[in-house]
There are 2 protein chains.
Amino acid sequence: MFEGSKPKVDDVARLAGVSTATVSRVLNTPERVSEKTRKKVGAAVEELGYTPNFGGRYLASQTSRTMGAIIPTMENAIFAKGIQAFQEVLADAGITLLISTSSYDHEQEFENIRTLIGQGAEGLLLIGTARPQSTYDFLARRNIPYVIAWNHRWDGKHLYVGFDNHAAMRELTQTVLEMGHKDIAMIAGPTQFNDRIEDRIAGAKAAIEEVEGAQLILKSCASNYSPSLAGQAFAELMQLNHKPSVILCSNDVLAVGAIMQARKMNISVPEDISITGFDDIDIAEIVTPTLATVHVPHGRMGQAAAGLLLKMRAGDTNNKSIKLSTNTVVRNSLRHYP
Amino acid sequence: MFEGSKPKVDDVARLAGVSTATVSRVLNTPERVSEKTRKKVGAAVEELGYTPNFGGRYLASQTSRTMGAIIPTMENAIFAKGIQAFQEVLADAGITLLISTSSYDHEQEFENIRTLIGQGAEGLLLIGTARPQSTYDFLARRNIPYVIAWNHRWDGKHLYVGFDNHAAMRELTQTVLEMGHKDIAMIAGPTQFNDRIEDRIAGAKAAIEEVEGAQLILKSCASNYSPSLAGQAFAELMQLNHKPSVILCSNDVLAVGAIMQARKMNISVPEDISITGFDDIDIAEIVTPTLATVHVPHGRMGQAAAGLLLKMRAGDTNNKSIKLSTNTVVRNSLRHYP
DNA sequence: TTAATTTATGTAAGCGATTACATCTAATTT
DNA sequence: AAATTAGATGTAATCGCTTACATAAATTAA
């Protein structure tokens, strides 16, 4: 009780009157130990409050039962649900998840990858594809299984567990076009470290090019998760002579920023202008008017990513990317034009 | 490049033509190595893409440079900002953060604690005080530094980095009372694993008892983070003969649930009824009407918790709890009565 | 009953790093 | 120039655990 130091296998072994090997077996392969000793050892473990030291275990067994996830930020709800689901599946399989955030920075992401690998991560969840080739080379050289989530491409370069941002945005845009909109603006954050946004922009463009007379005004926003910067972008769009009738935002956070700004400026949505988002996070249904957006199955994506990594960890080499479907959700922020 | 196996100190040492001890010194105490060898070793590390193995390092040095945080859930934005700040401070100090979620379950939290300690966590961030004594005993026996965040009590039992939920709720309630409300309802989630909610309820009661003729109807909600269950609780309150003029919700998520339900039922907030929340997360300003709530400095709390744990890790034993101040934010969902 | 097999347990060699201590070289002092 | 000291590097023990192999005990077969 007053011993600050942690009990070790030897302590447990001594108390239970067995060898350290037996203690280890009880912990790792209980079926190989007789009922009787199993109980003795169990009692000793309990009494001492023993927890195996990860370092020793990892070193000896060469397996860490650990995986890593690197997300751009936790502040944004976009990743929360997916990561939560990811973690739950791993926890059920007895795997600990290490999470770190890269702040949308390649160097920091690389540092995080190094650290996680050093910590013994047996698999990595990465968000999106945009990162230097050197990072991929590092991963390949080390032979670390990883999956790319939140996006899906057909390039066959990586294992994806995500959705087709291009197709999803294209579909949403088609819906918008069918409603009669021709003058379409888009507020999107930086694409430099964010392939998802890049694909969404391309998807919108593709849809618009198919319709005669429709045109896109692309307005960039300095951040992908700052409602106030999106509000600023909205305000600038409203100063144009030829105003758009709808604004597609690259995600829900920006869309909400735009809606809030519209309210401030006494511009009513959707009467004066329609606004759409992407992701369908909680706020999409909370904001007034409710936000038309693209629904993304975040939970299922996290689960699928975990499942895939677990399979890879088990040695399964014949794995395929998983494409999840999204769907356009029309809500009050979007209406027919005129 | 094609070697799947990870390079080890020996590999680096061989390539650089030095001993493993020197490689280790370059990595950990570079000032003890001559400029020349430092460069040689650095080049070798670079060429091999070497990352020290955590297990070996931890075992030998007895220091993991790792801390753990256990939060009830990630789905709820309530913890995101604080944890993000916590992680940033740790990362700056070169400490890796391990995060796991307990789903508001004591057993699972205990399991997580064991795992994190096994992983070498040198400090733990826990949310709130409500957990079995046995968990605290375990922590004490192992001599693991921990801080309790998201709450602050004067009992001197733990190191807190948080705010006084009781006082904060009391202050909000006083504001409500000063606006003339007498019939006050409160929607609160389960208190069983959640001391913060318990304190908030007590705080509201304390304020109400001070005012003659004021009374509290406590309506419990089966979850602390389900807007729809809060909506249900709201609907039930609306069936009372003697309806309250204001509903205090134990957090913003529940408050938003109540507001949404009110809208569905064609009850207007705040004309027909006022609603308040707690936490001041993003949605408080997004929802219509904007939500009156208690502002909590989540970011500063995370930073302070990290700072405190770092100090404890450095051996500083004379640490004190940190109480952060909150403030009542009156917004449109709350108005004078009548 | 003895031999063969199965099952349970123990012994001891690593796993990959760090670090106390020893050694060697170079710089400084006397 | 010899003696002392400081600085750089190497040698080898060590951290806590797992596991291949060896051994002992229990069971089954012959």
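Below, read A as the first sequence line, B as the second, and so on, with proteins coming before strands; counting in each chain starts at 1. The basis for the numbers below is simple: all heavy atoms, side chains too, and nothing from hydrogens, waters or symmetry mates.
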Per [X] side chain, nearest of listed nucleotides [options]:
X: A:K8; options: D:dC17, C:dT9, C:dA17; value: D:dC17
X: A:V18; options: C:dG10, D:dC17, C:dT18; value: C:dG10
X: B:N28; options: C:dT18, D:dG16, D:dT18; value: C:dT18
X: A:L59; options: C:dT9, D:dG16, D:dA8; value: D:dG16
X: A:S24; options: D:dG16, C:dT18, D:dT18; value: D:dT18

Can you tell me if [X] touches the phosphate of [N], counting only side-chain N or O atoms and a distance under 4.0 Å to OP1 or OP2?
X: B:S34; N: D:dG7; answer: no
X: B:T20; N: C:dA17; answer: no
X: A:S61; N: D:dT18; answer: no
X: A:R57; N: D:dG16; answer: no
X: A:T37; N: C:dT9; answer: yes
X: B:T22; N: D:dA8; answer: no
X: A:Q62; N: C:dG16; answer: yes

Rounded distance in Å - [atom1] ([X]) to [atom2] ([N]):
X: A:R25; N: C:dG10; atom1: CZ; atom2: P; answer: 8 Å
X: A:K36; N: D:dA26; atom1: NZ; atom2: P; answer: 9 Å
X: A:Y58; N: D:dC15; atom1: OH; atom2: P; answer: 21 Å
X: B:Q119; N: D:dG16; atom1: CD; atom2: P; answer: 17 Å
X: B:L48; N: C:dG16; atom1: CG; atom2: P; answer: 15 Å
X: B:R32; N: D:dA6; atom1: CZ; atom2: P; answer: 15 Å
X: B:R14; N: D:dG10; atom1: CZ; atom2: C1'; answer: 16 Å
X: B:N53; N: D:dG16; atom1: CG; atom2: P; answer: 16 Å

Checklist entry - Which of parallel (below 30°), tilted (30 to 60°) and perpendicular (above 60°) describes A:Y104 and A:Y225? => result parallel

Next on the checklist: Assess whether a salt bridge exists between B:K8 and B:D11, defined as any Lys/Arg side-chain N lying under 4.0 Å from an Asp/Glu carboxylate O.
Outcome noted: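 Looking at B:K8 and B:D11, the cut-off is not met.
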
Next on the checklist: Between B:D316 (side chain only) and B:M312 (backbone N and O only), is there a donor and an acceptor less than 3.5 Å apart?
Outcome noted: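 No, B:D316 side chain to B:M312 backbone: no donor-acceptor pair under 3.5 Å.
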
Checklist entry - Is B:T73 close to A:Q84 at the side-chain level, that is, under 4.5 Å between some pair of heavy atoms? => result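 When only atoms from C-beta onward are counted, B:T73 and A:Q84 do touch, with a gap below 4.5 Å.
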
Next on the checklist: Taking the nucleotide of DNA chain D with the nearest heavy atom to each, does B:G56 or B:A21 sit closer to the 5' end?
Outcome noted: B:A21

Checklist entry - Say you draw a straight line from CD1 of A:I83 to OG1 of B:T101; how long is it, rounded to the nearest 0.5 Å? => result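 Reported value, rounded in 0.5 Å steps: 11.0 Å.
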
Checklist entry - Which part of the nucleic acid does A:V23 contact within heavy-atom distance under 4.0 Å: base, sugar-phosphate only, or nothing? => result nothing

Next on the checklist: Before we go on, tell me: are the rings of B:F110 and B:F138 under 6.0 Å apart, centre to centre?
Outcome noted: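 Yes; B:F138 has its ring centre under 6.0 Å from that of B:F110.
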
